[in-house]
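Single-structure report; data block below.
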Number of protein chains: 2
Amino acid sequence: MYLHLYVKLEMPAKSGYTPVMPRPLPDQTIAAWAGLMRVSQDLLTRVEADLKTAGYPPLAWYDVLLELKRAGAGGLRPQELQARMLLAQYNLSRLLDRMEGQGCVARRPCPEDRRGQIVVMAPQGRQLLKRMWPVYEAAIERHFAARLRTEDAARLGRLLAKLSPR
Amino acid sequence: MYLHLYVKLEMPAKSGYTPVMPRPLPDQTIAAWAGLMRVSQDLLTRVEADLKTAGYPPLAWYDVLLELKRAGAGGLRPQELQARMLLAQYNLSRLLDRMEGQGCVARRPCPEDRRGQIVVMAPQGRQLLKRMWPVYEAAIERHFAARLRTEDAARLGRLLAKLSPR
DNA sequence: GTCTTATCTATGTACTTGCATCTATATGTC
DNA sequence: GACATATAGATGCAAGTACATAGATAAGAC
């Protein structure tokens with residue numbers, strides 16, 4: 001369990017009975033972790049609330065629609081959507097059910113793999129994406145950008161990039 | 001809706017029919033927002049998975065227990081917990097139901113306010129907190145700290161602080 | 001004191017998510 | 001081809017979360 005920590009000690013285990021005793025995390029690291037969890041949750045809650053107040057669905061819908069728009073006419077396999085959105089397979093399956101029910105996306109059979117399907121943008125989805133953006137943008141401005149100069153945002157982005165899913 | 005953006009244009013509206021046209025967010029800001037949402041979700045998922053694999057409950061339990069430990073013998077009112085954890089009132093109520101059911105916390109009547117209650121640490125909770133930490137710490141190390149030098153973590157922490165719930 | 005309004009917490013109901021597993025198809029082995 | 005195994009996506013059921021609102025007490029207006 002601790003091997004990856006142990007390695008960082010950069011000194012050999014003295015003997016067979018030395019207990020595993022990883023170097024504890026620096027306080028600054030713990031504080032950064034806690035800050036990341038807290039701030040991201042807080043901001044997400046606020047932005048989602050703004051969207052809901054304006055009568056729009058959750059951000060996950062926006063993300064699906066944006067990916068589909070980027071994917072163009074060829075659409076996307078659910079698996080690709082799942083990977084890009086870091087969403088569990090069964091959650092995506094049901095999210096697509098709901099979005100399909102609202103006419104936002106369409107599922108089409110996949111010629112190359114008959115187990116699969118291709119998800120494409122539908123008219124309601126295109127419209128929803130376009131209408132949601134101003135509200136979403138204003139929420140990002142209000143809750144996020146208003147507190148961070150652009151250079152700080154850029155710095156934050158670079159730090160976060162180091163933490164990105166590889 | 002856009003007033004707060006409009007103000008930032010630092011120029012007067014020319015006439016009554018000038019459409020509201022906020023300055024769009026800089027790409028770097030949008031990228032930082034997207035990175036924040038994506039990275040935090042990814043890391044949270046990974047860390048929660050490590051905890052679950054080790055047989056432990058979700059992080060929210062840890063957070064409650066940590067707050068109760070810090071609060072000491074006097075315990076905390078649910079409202080205070082709610083504010084510190086950024087948790088909805090009804091979610092906390094039910095979280096406490098579950099934790100109480102496992103003997104991790106106890107609810108006691110509040111003498112000053114008979115509508116309220118005081119939540120205190122219970123023996124199982126104290127033990128759980130102690131046992132969870134090494135697993136939690138290792139998960140933070142593995143998924144977060146291992147990708148970020150301590151100085152970068154400190155920088156990240158400072159940037160996030162600017163975004164903190166005020 | 002009485003009444004109105006606000007606050008603290010709980011809860012019925014609906015919706016969403018998680019887990020385990022299913023069906024169908026694909027791929028690999030012999 | 002026959003079989004075992006793997007992969008794509010759906011789904012029954014349990015657990016958790018959201019919304020609206022309830023019940024109890026408190027605080028303020030008069």
Side-chain angles (χ1 to χ4, degrees), chain A residues 41-42 44-64 67-68 75-102 104-120, chain B residues 41-42 44-64 67-68 75-102 104-120:
Chain A
Q41 195 216 314
D42 175 55
L44 182 59
T45 300
R46 291 173 191 273
V47 169
E48 292 264 23
D50 281 8
L51 285 169
K52 169 169 285 191
T53 296
Y56 291 111
L59 270 182
W61 287 49
Y62 187 88
D63 293 339
V64 167
E67 293 295 348
L68 290 181
L76 280 176
R77 298 285 297 265
Q79 260 207 322
E80 298 177 285
L81 265 173
Q82 189 184 318
R84 295 181 196 197
M85 296 183 54
L86 310 178
L87 208 58
Q89 181 270 321
Y90 45 83
N91 283 338
L92 178 60
S93 175
R94 281 165 164 150
L95 174 57
L96 291 176
D97 287 348
R98 281 172 248 141
M99 294 182 73
E100 191 178 33
Q102 299 296 313
C104 287
V105 305
R107 282 159 154 145
R108 301 204 307 221
C110 177
E112 285 95 30
D113 185 341
R114 284 189 305 176
R115 292 169 304 184
Q117 59 192 218
I118 293 178
V119 182
V120 296
Chain B
Q41 195 215 314
D42 175 55
L44 182 58
T45 301
R46 291 173 192 274
V47 169
E48 292 264 24
D50 281 7
L51 285 169
K52 170 169 285 190
T53 297
Y56 291 110
L59 270 183
W61 287 50
Y62 188 87
D63 293 339
V64 167
E67 292 296 348
L68 290 181
L76 281 176
R77 298 285 297 265
Q79 259 207 322
E80 298 178 286
L81 266 173
Q82 190 184 320
R84 295 180 196 199
M85 296 183 56
L86 308 179
L87 207 58
Q89 181 270 321
Y90 45 82
N91 283 339
L92 177 60
S93 177
R94 280 167 164 147
L95 174 57
L96 291 176
D97 287 347
R98 279 171 250 142
M99 294 182 72
E100 191 178 32
Q102 300 295 314
C104 286
V105 305
R107 282 160 155 145
R108 299 204 306 223
C110 176
E112 285 95 32
D113 185 342
R114 284 189 306 175
R115 292 169 305 185
Q117 59 190 221
I118 294 178
V119 183
V120 296

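Given the structure is predicted, the values throughout are model-derived calculations rather than measurements. Residue numbers begin at 1 in each chain, while the letters A, B, ... track the order of the sequences.
- Here dG9(D) presents its C1' atom at 15 Å from CG of Leu76(A), a figure rounded to the nearest Å.
- Computed from C1' positions of five pairs at each end, the angle between the two local axes of the helix from dG1(C)-dC30(D) to dC30(C)-dG1(D) equals 20°, rounded to 10 degrees.
- Side-chain atoms of Gln89(A) stay outside donor-acceptor range of the base of dA8(D), with no qualifying N/O pair under 3.5 Å.
- None of Leu68(B), Val120(B), Leu95(B) except one satisfies the side-chain contact (heavy atoms from CB on, under 4.5 Å) rule with Val105(B); the exception is Leu68(B).
- In this structure, Asp42(B) pairs ionically with Arg46(B), as a charged nitrogen and a carboxylate oxygen lie closer than 4.0 Å.
- Between Leu87(A) atom CG and dT17(C) atom P the separation is 8 Å, expressed in whole Å.
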Nucleotide by nucleotide, nucleotides 12-19 of chain D touches protein heavy atoms under 4.0 Å in the pattern (B base, S sugar-phosphate only, - none) BB--SSBB
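- No side-chain donor-acceptor contact under 3.5 Å links Arg77(A) to the backbone of Val119(A).
- Using modelled atom types, no side-chain atom of Ser93(B) and backbone atom of Gln89(B) make a donor-acceptor pair closer than 3.5 Å.
- Regarding contacts with the backbone of dA8(D), a side-chain N or O of Gln79(A) is found under 4.0 angstrom from either OP1 or OP2.
- In this structure, CG on Leu96(B) lies 12.0 Å from CZ on Arg94(B), to the nearest 0.5 angstrom.
- Two residues are said to be in side-chain contact when any heavy atoms from C-beta on lie closer than 4.5 Å; Leu59(A) and Leu51(A) meet this criterion.
- In this structure, Arg115(B) does not reach the dA27(D) phosphate: none of its side-chain N or O atoms is under 4.0 Å from OP1 or OP2.
- A donor-acceptor contact shorter than 3.5 Å links the side chain of Thr53(B) to the backbone of Ala49(B).
- Here the P atom of nucleotide dT9(C) and the CZ atom of Arg108(B) are 15 Å apart, to the nearest Å.
- Going from atom CD of Gln117(A) over to atom P of dA24(C) covers 15 Å, rounded to whole Å.
- Here dT23(C) presents its P atom at 19 Å from CG of Asp113(A), a figure rounded to the nearest Å.
- Side-chain atoms of Glu67(A) do not come within 3.5 Å of backbone N or O of Met85(A) as any donor-acceptor pair.
- The base of dT25(C) lies outside donor-acceptor range of the side chain of Arg114(A), with no N or O pair under 3.5 Å.
- One can place CD of Glu100(B) at 13 Å from C1' of dT9(C), the figure rounded to the nearest angstrom.
- We find that CE of Met99(A) is positioned 14 Å from P of dA10(D), with the value rounded to whole Å.
- Not a single donor-acceptor pair under 3.5 Å links the side chain of Gln82(B) to the backbone N or O of Leu92(B).
- Distance, Leu92(A) CG to dA10(D) C1': 12 Å, rounded to whole Å.
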